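In what follows, every heavy atom counts, from backbone to side chain, and hydrogens, waters and symmetry copies are set aside. All residue numbers refer to positions in the sequence shown, counting from 1. These numbers come from a predicted model, not from an experiment.
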Amino acid sequence: MAEVKIVYWSGTGNTASMAEMVAKGVAEAGGTPVILPFEDITPEMLAGENAFALGCPSMGAEQLEESVVDPFVEELTGSVSGKKVLLFGSYGWGDGEWMRNWVDQMTGAGAEMIEPEGVICNEAPDSEAEAALTAAGKALAAAA
């Protein structure tokens with residue numbers, strides 16, 4: 001199977017843990033997970049990928065991180081049509097609006113979601129989140 005890029009931004013470590021759980025699923029499905037912080041990759045580097053994961057926690061008033069992730073995603077949306085994308089992230093308040101908005105943004109640009117609503121968890125991922133992320137990683141590997 002192919003390499004699968006899992007790109008994330010994490011403020012407290014929760015979303016980084018989630019990226020590791022996605023990677024576990026990718027590896028269990030026979031893929032090769034490549035975990036990268038947003039700062040170490042460009043949107044152009046993802047343009048040629050068939051499938052990838054993006055992770056970002058909810059920030060501020062339920063939005064993507066503004067200085068790194070939001071500009072990256074804005075630029076990336078021009079090249080996601082037909083791509084299989086997994087979105088994930090943690091939150092500490094709110095109801096997941098940031099993820100719904102992010103899913104809408106990506107599907108509006110033509111991306112196909114691995115998980116229709118993304119995968120979110122409140123604070124640190126628990127066993128339920130780990131199971132969901134591992135399963136999503138397996139599906140992501142199969143789509144790559």
Side-chain angles (χ1 to χ4, degrees), residues 1-59 62-92 94 96-144:
M1 284 197 158
E3 270 191 359
V4 178
K5 290 186 175 59
I6 303 161
V7 184
Y8 75 95
W9 186 92
S10 188
T12 63
N14 293 336
T15 304
S17 294
M18 294 176 82
E20 292 289 342
M21 293 170 185
V22 172
K24 177 183 172 192
V26 169
E28 286 179 3
T32 303
V34 178
I35 301 174
L36 299 161
F38 273 97
E39 296 88 349
D40 290 352
I41 191 167
T42 66
E44 295 80 22
M45 294 167 77
L46 283 181
E49 303 293 324
N50 293 326
F52 52 85
L54 301 174
C56 181
S58 172
M59 303 293 292
E62 288 218 63
Q63 59 201 33
L64 294 175
E65 190 280 328
E66 293 180 290
S67 65
V68 175
V69 180
D70 191 47
F72 185 102
V73 170
E74 283 294 324
E75 187 175 337
L76 181 64
T77 56
S79 61
V80 298
S81 185
K83 310 278 185 197
K84 306 271 196 257
V85 179
L86 170 64
L87 301 178
F88 65 93
S90 65
Y91 65 99
E97 179 182 3
W98 103 101
M99 184 59 70
R100 291 189 299 276
N101 292 341
W102 197 9
V103 166
D104 289 348
Q105 178 183 15
M106 298 302 274
T107 56
E112 299 173 30
M113 294 292 106
I114 295 291
E115 286 294 326
E117 297 177 3
V119 180
I120 64 174
C121 68
N122 185 262
E123 303 296 345
D126 58 13
S127 59
E128 183 179 324
E130 182 172 6
L133 291 158
T134 302
K138 289 177 182 178
L140 184 62

Those residues that, when tested against Glu112, pass salt bridge (Lys or Arg N to Asp or Glu O under 4.0 Å) (two or more places apart): Lys84
If the condition is salt bridge (Lys or Arg N to Asp or Glu O under 4.0 Å), which residues does Glu65 pass it with, not counting sequence neighbours? none
Crowded around Glu44 CD? As in, over 12 foreign heavy atoms under 6.0 Å?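 It does: Glu44 CD has more than 12 such atoms within range.
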With a sphere of 6.0 Å drawn around CD of Glu128, does it hold more than 12 non-hydrogen atoms of other residues, nucleotides or ligands?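 No, the 6.0 Å shell around CD holds no more than 12 heavy atoms from other groups.
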Side chain proximity check, [X] to [Y], heavy atoms < 4.5 angstrom:
X	Y	result
Thr134	Glu28	yes
Val34	Ile6	no
Val103	Leu87	yes
Trp9	Glu39	yes
Leu86	Met113	no
Thr15	Ser90	yes
Ile120	Tyr91	yes
Met106	Leu54	yes

Ion pair present between Arg100 and Glu117, side-chain N to carboxylate O less than 4.0 angstrom? no
Any idea which heavy atoms bring [X] and [Y] closest together, and the distance?
X	Y	answer
Phe88	Ala53	CE2-CB, 3.9 Å
Asp104	Thr107	O-OG1, 3.3 Å
Ser17	Pro125	CB-CG, 4.0 Å
Glu123	Gly92	OE2-CA, 3.2 Å

Decide side chain to side chain contact (heavy atoms under 4.5 Å, CB included) for Leu140 and Val22; before the verdict, give the C-alpha distance in whole Å, the side-chain angles of both, and the deciding distance to 0.1 Å. CA-CA 9 Å; Leu140 184 62; Val22 172; 4.2 Å; yes
Please check this pair: side chain of [X] against backbone of [Y], looking for a donor-acceptor N/O pair closer than 3.5 Å.
X	Y	value
Lys83	Glu49	yes
Ser10	Ala16	yes
Trp98	Cys56	yes

Using side chain to side chain contact (heavy atoms under 4.5 Å, CB included), reason through Lys24 and Glu130 one step at a time and then give a plain yes or no. CA-CA 10 Å; Lys24 177 183 172 192; Glu130 182 172 6; 3.4 Å; yes
To the nearest 0.5 Å, what is the distance between [atom1] ([X]) and [atom2] ([Y])?
X	Y	atom1	atom2	value
Ile35	Lys5	CD1	NZ	13.0 Å
Met99	Ser58	CE	OG	9.0 Å
Cys121	Leu133	SG	CG	7.0 Å

Please list, one pair per line, the donor and acceptor atoms closer than 3.5 Å that link side chains of residues 69-82 to other protein atoms, with sequence neighbours excluded.
unit_1 : atom_1 : unit_2 : atom_2 : d
Glu74  : OE2    : Gln105 : NE2    : 3.1
Thr77  : OG1    : Glu74  : O      : 2.8
Ser79  : OG     : Leu76  : O      : 3.1

Between Val85 and Ile114, does a side chain to side chain contact (heavy atoms under 4.5 Å, CB included) hold up when you go through it step by step? CA-CA 6 Å; Val85 179; Ile114 295 291; 5.9 Å; no
